[in-house]
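Down below is the structure, laid out as structure tokens.
In this chain, residues are counted from 1 in sequence order.
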Amino acid sequence: MESWNPPLLHDYSKLSRRQSNRDDGRTNLSAEKVMEECELPLIDLKDLKSEDEREKINCEDAIAKASSEWGFFQVVNHGVSLELLRKMRREKMELFKAPFEKKATCGILNNSYRWGNSTATCPKQFSWSEAFHIPLTKISEAACYGEFTTLREVMVEYATSMQNLAKSLAGVLVRKLGHRDSHIREICNESSCFLRLNHYPPCQISQEIFGLVPHTDSDFLTILHQDEVGGLQLMKDSKWVAVKPNQNALIVNIGDLFQVWSNDVYKSVEHKVMANGKKERFSIAYFLCPSYDSLIGSCKEPSIYKKFTFGEYRYQIQQDVKLTGHKVGLSGFLL
């Protein structure tokens, strides 16, 4: 029988054996206590288009407040049709049910298929998941889809909807700090943004394995649509908080670049996904990124961070992962 799941157990076991040969005493991935499941701030975006100026301002204030205090929030009445979200989920599930060998070798979706973590040197750097990480520039290309022809139309519509929503939210965050949003709208276009389709198979060995290792996002902001299966956790007040899933809402989180641009007003918060012993989990993330040559700096002086291009930041992250096994991120760019 052909399996559609990647060889995660094989790869994880290899890392575990290597770890046991040079045990550093840090194999327990669940050492940090997780608080009760909580609901993220919920914001109704219909008020952004309200003719009542007070309702509009209150909505914008709520977005800025959540971005500052949580780094995460969830939105409803966001303008992305629920039918489109359902269609995307169906297509995504069909894609991940293709045999592993086909996903890994057929070049589908710009040959963007990945699983586990190829740079992991120990179990705590391993992700029990598989994903397609696709640049928006490739999404409309028919040649990218092979036999998955019905996926293309849905992906194009989905990417357009997410692009519009992301730019709207980014515009609010820029304006709340007293700046015009035209610059971010110009540097974050279809040529530099990404979609990531995620699948977390059931993990038969432990619920303490990461589905996705702790990290911050390297973009301006991320929009996530997840299913009813929990697992997403974020760092809040120095503790891990489990996020209660809400299928009808989209989750928005601030990325590193907005933290730099806002001079630490908006927070790029560490988050992770825990593997599930019984249920598989699906999600899809949209990343609002600038072009690689875009200069990122703080919106006011004195700046906490030195200026850098997005390309320089991405390169440094890759170097840090090679050297240390994990992303160092913004701490390496402090003045």
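Remark: side-chain polar atoms of E91 are not paired, donor with acceptor, to backbone N or O of K87 under 3.5 angstrom. Panel note: side chain Y305, backbone G332; no donor-acceptor pair is recorded below 3.5 Å. With hydrogens and angles ignored, the 3.5 Å screen pairs a side-chain donor or acceptor of Q259 with a backbone N or O of S268. Proximity of a side-chain donor or acceptor of D181 to a complementary backbone N or O of V174 within less than 3.5 Å is not detected. Proximity of a side-chain donor or acceptor of E312 to a complementary backbone N or O of T309 within less than 3.5 Å is detected. At least one donor-acceptor pair closer than 3.5 Å links the side chain of N276 to the backbone N or O of K278. A donor-acceptor pair is defined here as one N or O able to donate and one able to accept, closer than 3.5 Å; no such pair exists between the side chain of T222 and the backbone of F287.
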Check step by step if side-chain hydrogen bond (donor to acceptor under 3.5 Å, both in side chains) holds for S291 and S294.
CA-CA 5 Å; S291 58; S294 297; 2.6 Å; yes

Applying side-chain hydrogen bond (donor to acceptor under 3.5 Å, both in side chains) to S191 and N189, what does each step give before you reach the verdict?
CA-CA 5 Å; S191 68; N189 56 42; 2.4 Å; yes

Which is it for Q125 and H326 under the side-chain hydrogen bond (donor to acceptor under 3.5 Å, both in side chains) test, yes or no, and what are the steps along the way?
CA-CA 7 Å; Q125 295 169 358; H326 66 274; 5.0 Å; no

Criterion side-chain hydrogen bond (donor to acceptor under 3.5 Å, both in side chains) on Q316 and D320, from CA distance to verdict
CA-CA 6 Å; Q316 190 58 53; D320 291 339; 3.0 Å; yes

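Proximity of L45 to I63: side-chain heavy atoms (C-beta onward) are separated by under 4.5 Å at one or more points. Two residues are said to be in side-chain contact when any heavy atoms from C-beta on lie closer than 4.5 Å; Y313 and I296 fail this criterion. Counting heavy atoms from C-beta on, the side chains of Q226 and N198 never come closer than 4.5 Å. Within the 4.5 Å cutoff, side-chain heavy atoms of S303 are placed close to those of N263. The shortest distance between side-chain heavy atoms of Y266 and L221 does not fall below 4.5 Å. The closest side-chain heavy-atom distance from E60 to R175 is below 4.5 Å.
K244 and E37 are not joined by a salt bridge, as no carboxylate oxygen comes within less than 4.0 angstrom of a charged side-chain nitrogen. Between E147 and K102, at least one side-chain nitrogen of the basic residue sits less than 4.0 Å from a carboxylate oxygen of the acidic one, meeting the salt-bridge criterion. Of the charged side-chain nitrogens involved, at least one lies within less than 4.0 Å of a carboxylate oxygen, so that R86 and E83 count as a salt-bridged pair. Checked for salt-bridge contact, D256 and K327 meet the test: a charged N lies under 4.0 Å from a carboxylate O.
Ring orientation note: the planes of F258 and F220 are nearly perpendicular, at an angle over 60° on the 30°/60° scale. Ring geometry for W128 against Y12 counts as perpendicular: the plane angle is over 60°, on a 0 to 90° scale with 30° as the lower cut. In this structure, F100 and W115 have perpendicular ring planes: the angle between them is above 60°, well past the 30° mark. Below 30°, between 30° and 60°, or above 60°: for F333 and F308 the angle between ring planes is between 30° and 60°, a tilted geometry. Ring geometry, Y292 versus F310: the interplanar angle exceeds 60°, so the pair is classed perpendicular (tilted spans 30 to 60°).
Of the residues listed (R281, K103, R114), the one engaging E130 in a salt bridge (Lys or Arg N to Asp or Glu O under 4.0 Å) is K103, and it is the only one.
Proximity of the aromatic rings of H179 and W261 is defined here by a centroid distance below 6.0 angstrom, and this criterion is met.
A distance of 7.0 Å separates CG in D44 from SG in C59, rounded to the nearest 0.5 Å. Rounding to the nearest 0.5 Å gives a distance of 5.0 Å between NZ of K272 and CD of Q233.
Atom CD of E153 is surrounded by 12 or fewer heavy atoms from other residues, nucleotides or ligands within 6.0 Å. In Q204, the CD atom is crowded: over 12 heavy atoms of neighbouring residues, nucleotides or ligands sit closer than 6.0 Å.
Nearest heavy atoms, F126 versus L8: CZ-O, 3.7 Å.
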